[in-house]
Amino acid sequence: MAETRSRHRHEKPRRRGKAEAQAGPSSLRTRVVVCVSLVLVAGAFLISEVSLTSRAKNWRVVVQQTGAFLASQSAPAPAPTLAPTETAPPAPPAPAPAAAPVAVPDASQPTAAAVAPTAEPQAVVPTEPAQVGTPSSELKSCLSFIHIPKAGGSNVEGLIARAFGYNQVVENPGDCISMRKIEKDVRFWGMCDDRLKCETKKGCGWSNADCCYVNASFEPQPPKNTGKDRCSFWHFPPSLDPLLASAYTKDCDAFCVVRDPVTRFLSHWRWRHLGKTGCSTEALEKYTKEKLELAKDKEILLEDCHFNTQVSYAFYGGNPANERICRHIIKLENLREELPPLLKKYNLDKIKVGKSKSRASQGCDIKPTEETMRLIKEFYAEDFKAFGYPLPS
């Protein structure tokens with residue numbers, strides 16, 4: 001046993017030595033491979049060191065810029081600086097109490113706002129709305145004339161004709177042809193205004209002039225083929241035909257001359273009917289009832305539009321609360337004082353306003369009855385109010 005243990009003690013070292021002898025070459029190869037690998041890695045690292053350094057720098061820049069951007073989103077925007085020559089804008093007005101209503105300005109008028117140099121919305125200070133029917137201040141380059149029957153229209157048309165060398169009374173389209181031969185560029189007025197258009201414009205049937213006809217939407221529809229569904233194109237109320245209204249106002253400013261409704265009504269009676277009715281208060285009252293009843297309910301274009309209200313020429317829709325078609329409104333009673341300054345504004349100084357009348361009515365100096373005056377005041381109530389004429393007693 002002792003011999004056996006002794007042998008074992010001596011054999012074990014021999015086994016280790018043998019194992020070492022067997023593993024020696026393999027371990028050496030491993031070490032060599034590891035060393036070579038380390039050398040290669042070190043070389044590769046040295047080769048890419050510059051690239052890695054550059055990339056690291058780039059990444060640092062990206063990280064810095066990203067951080068700055070994120071920080072800027074949470075920080076308030078700096079107030080803009082003003083140039084030395086500028087002055088700081090006015091501070092916004094103090095807010096109104098919560099319970100106070102806010103006035104809404106007219107959409108057609110500009111509003112003034114006090115703007116502070118921040119991104120916050122500012123309060124808008126409303127302006128006073130413009131007066132209804134009042135045109136803007138900028139003048140157009142020319143002047144058109146809207147002829148209201150029995151309000152001095154023919155006389156006004158004659159003024160521009162004489163100013164450009166035509167000294168005859170303008171009574172028919174042939175006169176307009178003669179005038180155009182004399183002056184090729186000016187815009188004439190009334191019958192000789194060759195820029196006027198309407199939805200349906202064709203021969204009147206009672207003369208060689210053209211008329212504007214009512215359209216299908218016209219209410220009430222007048223009797224057809226009786227001459228009561230049309231008027232001479234320069235007599236037709238532009239509020240009843242949008243195309244005609246545009247022809248007056250698109251390129252030029254329009255003006256019209258209005259007249260006291262009573263004297264206008266009586267002027268037509270004397271001019272056209274006095275010879276038939278005779279000069280008496282009773283005949284005038286009967287005539288007034290008959291004509292105004294027809295013009296009110298059935299024949300609004302009666303007698304070439306000589307009974308139409310004057311507001312139907314001056315305002316869109318024939319309503320004084322609407323925008324004007326006639327930018328300038330002159331009273332016939334003040335024609336000599338009011339027309340020359342208007343003409344001067346449009347470089348039409350060569351047109352001279354005189355005393356002459358184009359046509360004369362028959363004389364009949366009578367006082368209308370109370371019933372006649374009541375009928376006239378009722379029918380032309382808007383004319384009295386819109387143009388400031390006093391209601392007769």
Side-chain angles (χ1 to χ4, degrees), residues 144-158 161 166 168-181 187-248 256 264-265 267-277 287-288 290-310 312-313 318 325 358-362 379:
S144 62
F145 172 59
I146 298 177
H147 181 142
I148 299 176
K150 304 313 296 179
S154 297
N155 187 25
V156 173
E157 291 177 24
Y166 192 77
Q168 306 297 321
V169 176
V170 181
E171 292 184 316
N172 58 68
D175 295 316
C176 301
I177 295 174
S178 300
M179 289 168 57
R180 187 55 70 192
K181 291 179 180 179
R187 179 168 188 169
F188 289 118
W189 296 337
M191 180 193 300
C192 297
D193 188 345
D194 45 21
R195 301 187 196 181
L196 297 183
K197 299 178 181 179
C198 45
E199 186 172 323
T200 303
K201 183 180 179 181
K202 56 185 179 180
C204 294
W206 60 70
S207 69
N208 57 352
D210 286 336
C211 277
C212 291
Y213 287 68
V214 300
N215 55 36
S217 63
F218 192 88
E219 292 293 340
Q221 279 286 323
K224 295 185 180 298
N225 301 320
T226 59
K228 299 172 183 178
D229 59 346
R230 72 202 76 164
C231 291
S232 302
F233 68 87
W234 64 95
H235 282 177
F236 200 89
S239 67
L240 303 180
D241 192 308
L243 187 59
L244 181 61
S246 177
Y248 278 116
C256 57
R264 175 177 176 244
F265 180 84
S267 175
H268 180 66
W269 170 64
R270 294 189 185 100
W271 172 64
R272 188 160 183 175
H273 294 280
L274 182 58
K276 302 175 184 177
T277 64
Y287 163 85
T288 303
E290 292 176 352
K291 294 299 182 181
L292 294 187
E293 186 66 26
L294 286 174
K296 180 179 180 180
D297 296 330
K298 298 179 181 179
E299 301 175 11
I300 190 173
L301 307 183
L302 183 66
E303 295 186 13
D304 202 21
C305 292
H306 277 73
F307 293 94
N308 288 79
T309 61
Q310 297 176 85
S312 66
Y313 292 85
I325 303 174
S358 299
R359 297 169 181 170
S361 299
Q362 300 181 46
F379 190 87

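Residue numbers run from 1 in the order of the sequence given.
Exactly one residue among D229, L240, T200, I300 makes a side-chain contact (heavy atoms from CB on, under 4.5 Å) with V214. That residue is D229.
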| query | Could you walk me through whether E199 and D241 pass the side-chain contact (heavy atoms from CB on, under 4.5 Å) check? | reply | CA-CA 7 Å; E199 186 172 323; D241 192 308; 3.6 Å; yes

| field | Derivation of the side-chain hydrogen bond (donor to acceptor under 3.5 Å, both in side chains) call for E303 and H235 | value | CA-CA 10 Å; E303 295 186 13; H235 282 177; over 6 Å; no

| Stepwise side-chain contact (heavy atoms from CB on, under 4.5 Å) test for F307 and E299 | CA-CA 10 Å; F307 293 94; E299 301 175 11; over 6 Å; no

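H306 NE2 to K291 NZ: the interatomic distance, rounded to the nearest 0.5 Å, is 12.0 Å. To the nearest 0.5 angstrom, E293 atom CD is 12.5 Å from T288 atom OG1. To the nearest 0.5 Å, the span separating CG on D304 from OG on S207 amounts to 8.0 Å. A distance of 10.5 Å separates NZ of K150 from CZ of R272, quoted to the nearest 0.5 Å.
Residues F379 and L292 meet the side-chain proximity criterion, which asks for heavy atoms closer than 4.5 Å. Using a 4.5 Å cut-off on side-chain heavy atoms (C-beta onward), C231 and C212 make no contact. C176 places none of its side-chain heavy atoms less than 4.5 Å from the side chain of F188. W206 is listed as a side-chain neighbour of R230, based on a closest heavy-atom distance under 4.5 Å.
Of the possible polar contacts, none joining the S232 side chain to the W234 backbone as a donor-acceptor pair under 3.5 Å is found. Side-chain N or O atoms of D175 include one that pairs as donor or acceptor with a backbone N or O of N172 at under 3.5 Å. Of the possible donor and acceptor atoms, none in the side chain of D210 sits under 3.5 Å from a partner among the backbone N and O of K201. Under the 3.5 Å distance criterion, the side-chain polar atoms of S312 are left unmatched by any main-chain donor or acceptor of N308. Using modelled atom types, one side-chain atom of R264 and one backbone atom of P149 make a donor-acceptor pair closer than 3.5 Å.
Ring geometry for W269 against Y287 counts as tilted: the plane angle lies between 30° and 60°, on a 0 to 90° scale.
Atom NZ of K296 has 12 or fewer heavy atoms from other residues, nucleotides or ligands within 6.0 Å.
Pairing of C211 with C204 by a disulfide is supported, the SG atoms lying closer than 2.5 Å.
Remark: aromatic rings of Y313 and H147 are distant, center separation not under 6.0 Å.
Considering every non-hydrogen atom in both G190 and F233, the closest pair reads O-CE1, 4.0 Å. Heavy atoms only, all atoms of each residue included: C192 and V170 are closest at SG-CG1, 3.7 Å. Nearest heavy atom pair, residue C256 against residue F145, reads CA-CE1, 4.3 Å. Across all their heavy atoms, R187 and L196 have their closest contact at NH2-CD2, 3.6 Å. Contact record, F236 with L244: O-CD2, 3.4 Å, taken as the closest heavy-atom pair.
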